[in-house]
Number of protein chains: 2
Amino acid sequence: MPTAKTENFTDQQQRIADLAKALGHPARVAILMHLFKTNSCVCGDIVEEIPLAQSTISQHLKALKKVGIIHGEVEGAKTCYCINPKVWQEMKDVLGQFFGTFTGCC
Amino acid sequence: MPTAKTENFTDQQQRIADLAKALGHPARVAILMHLFKTNSCVCGDIVEEIPLAQSTISQHLKALKKVGIIHGEVEGAKTCYCINPKVWQEMKDVLGQFFGTFTGCC
DNA sequence: TATATTAATCGTATTTTAACGATGAACTTT
DNA sequence: AAAGTTCATCGTTAAAATACGATTAATATA
């Protein structure tokens, strides 16, 4: 029974895990890559690019939004998604620092 | 029904997702941090450090082993775990490059 | 040799993810 | 006003993840 974890781990550990988990599915990686490519903000034509149902893409977008990596703006009937540079930088920092903690042994 | 993904995504996308997913749980982050601290290789006293059952820790270790981030060596009755520097570097590279792809917009 | 320790694996329960189609709300276009 | 787009959400299903205790195999110690 997957219990609440917040208790047992530090905020830092939890944040690292949350950010990493958001990248933990190839569809979400693909979505982000697509947002890179079309470096202006891009709307739901993500669905065209990725062979998954519209509702599934929407779910993945929601997951990315939840940790703050992306941000959606309603523009008429469409919604424009873009990467949140602030959180992207945070992720770079937090994970980069984590990666750098290990310098080598063994 | 979570279908096979290998088909729809590139190897790179899949690898990024697999590596990220391995970091996608605070217990695994905590395990890795513990391996950093005790920078010589360290055995199952991880169980002492993290408030989870032995079998659960074992499962998390298995997950980390699966992507190659850590590596266990049997030493008598105990097992000594350490980070695989090669894979750690790969992770740094692969994810670092991914992070760097986005330079900013919006 | 008998007992204890270590850690992987098994079996199980619960929760979360991932996927889809269908529906519905909001905005556009005709 | 009516019909069409767009996209979030709902409901559902199946699979994977998470957690635990119990068991087992291996090694170590008494």
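So you know, we letter chains A, B, ... as the sequences are listed, proteins then strands, and number each from 1.
For the pair B:L64 CG and C:dA8 P, the interatomic distance rounds to 12 Å; values are reported in whole Å. Straight-line distance from the NZ atom of A:K65 to the P atom of D:dT9: 6 Å, rounded to whole Å. Put simply, CG on B:D45 is 10 Å from P on C:dT6, counting in whole angstrom units. Residue A:E73 contributes atom CD, which lies 13 Å from atom P of D:dA8 at whole-angstrom precision. Nucleotide C:dT6 holds its C1' atom 13 Å from the CD1 atom of B:I46, rounded to whole Å. For the pair A:L23 CG and C:dT17 P, the interatomic distance rounds to 14 Å; values are reported in whole Å. The distance from atom CD1 of A:I50 to atom C1' of C:dA19 is 14 Å, rounded to the nearest whole Å. The NZ atom of A:K62 sits 13 Å away from the C1' atom of D:dC7 (whole-angstrom rounding).
Without hydrogens or angle criteria, A:T79 side chain to A:E75 main chain gives no donor-acceptor distance under 3.5 Å. The main-chain N or O of B:T10 is found under 3.5 Å from a side-chain atom of B:Q13 such that the two form a donor-acceptor pair.
Checking the phosphate oxygens (OP1, OP2) of C:dT6, no side-chain nitrogen or oxygen of B:Y81 falls inside 4.0 Å. Residue A:S55 places no side-chain N or O under 4.0 Å from the OP1 or OP2 atom of C:dA19. Taking 4.0 angstrom as the limit, A:T79 places a side-chain polar atom (N or O) nearer than this to OP1 or OP2 of D:dA8.
Taking the side chain of A:H60 as heavy atoms from C-beta on, and the options D:dC20, C:dA19, D:dA8, the nearest nucleotide is C:dA19. With distances taken from any side-chain atom of A:S58 to the nucleotides C:dA18, D:dC7, C:dG21, the minimum falls on D:dC7. Across D:dA22, C:dT17, D:dA19, the shortest atom-to-atom separation from the side chain of B:L52 is found for D:dA19. The side chain of B:Q54 lies closest to D:dA22 when the candidates are D:dT18, D:dA8, D:dA22.
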Distances under 3.5 Å only, N/O to N/O: pair up the protein atoms with those of nucleotides 26-30 of chain D.
| from | atom 1 | to | atom 2 | distance (Å) |
| --- | --- | --- | --- | --- |
| D:dT27 | O3' | B:A77 | N | 3.2 |

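Counting non-hydrogen atoms of neighbouring residues, nucleotides and ligands closer than 6.0 angstrom, the CD atom of B:Q89 exceeds 12 such neighbours.
A:L19 is listed as a side-chain neighbour of A:E90, based on a closest heavy-atom distance under 4.5 Å.
With hydrogens and angles ignored, no donor-acceptor pair under 3.5 angstrom links the side chain of A:Q59 to the base of D:dA8.
Ring geometry, B:F102 versus A:F36: the interplanar angle falls under 30°, so the pair is classed parallel (tilted spans 30 to 60°).
For the side-chain contact (heavy atoms from CB on, under 4.5 Å) with B:I31, the qualifying choice from B:I69, B:L64, B:L52 is B:L64, the only one to do so.
B:E73 is linked by a salt bridge (Lys or Arg N to Asp or Glu O under 4.0 Å) to nothing, counting only residues two or more places apart in sequence or in another chain. Residues that satisfy the ring pair (Phe, Tyr, Trp, His ring centres under 6.0 Å) test with B:H60, not counting sequence neighbours, are B:H25.
Each of A:T56 and A:K66 has a nearest nucleotide on DNA chain C; the 5'-most of these lies closest to A:K66. Place B:L61 and A:G24 on DNA chain C by their nearest nucleotides, and B:L61 ends up nearer the 5' end.
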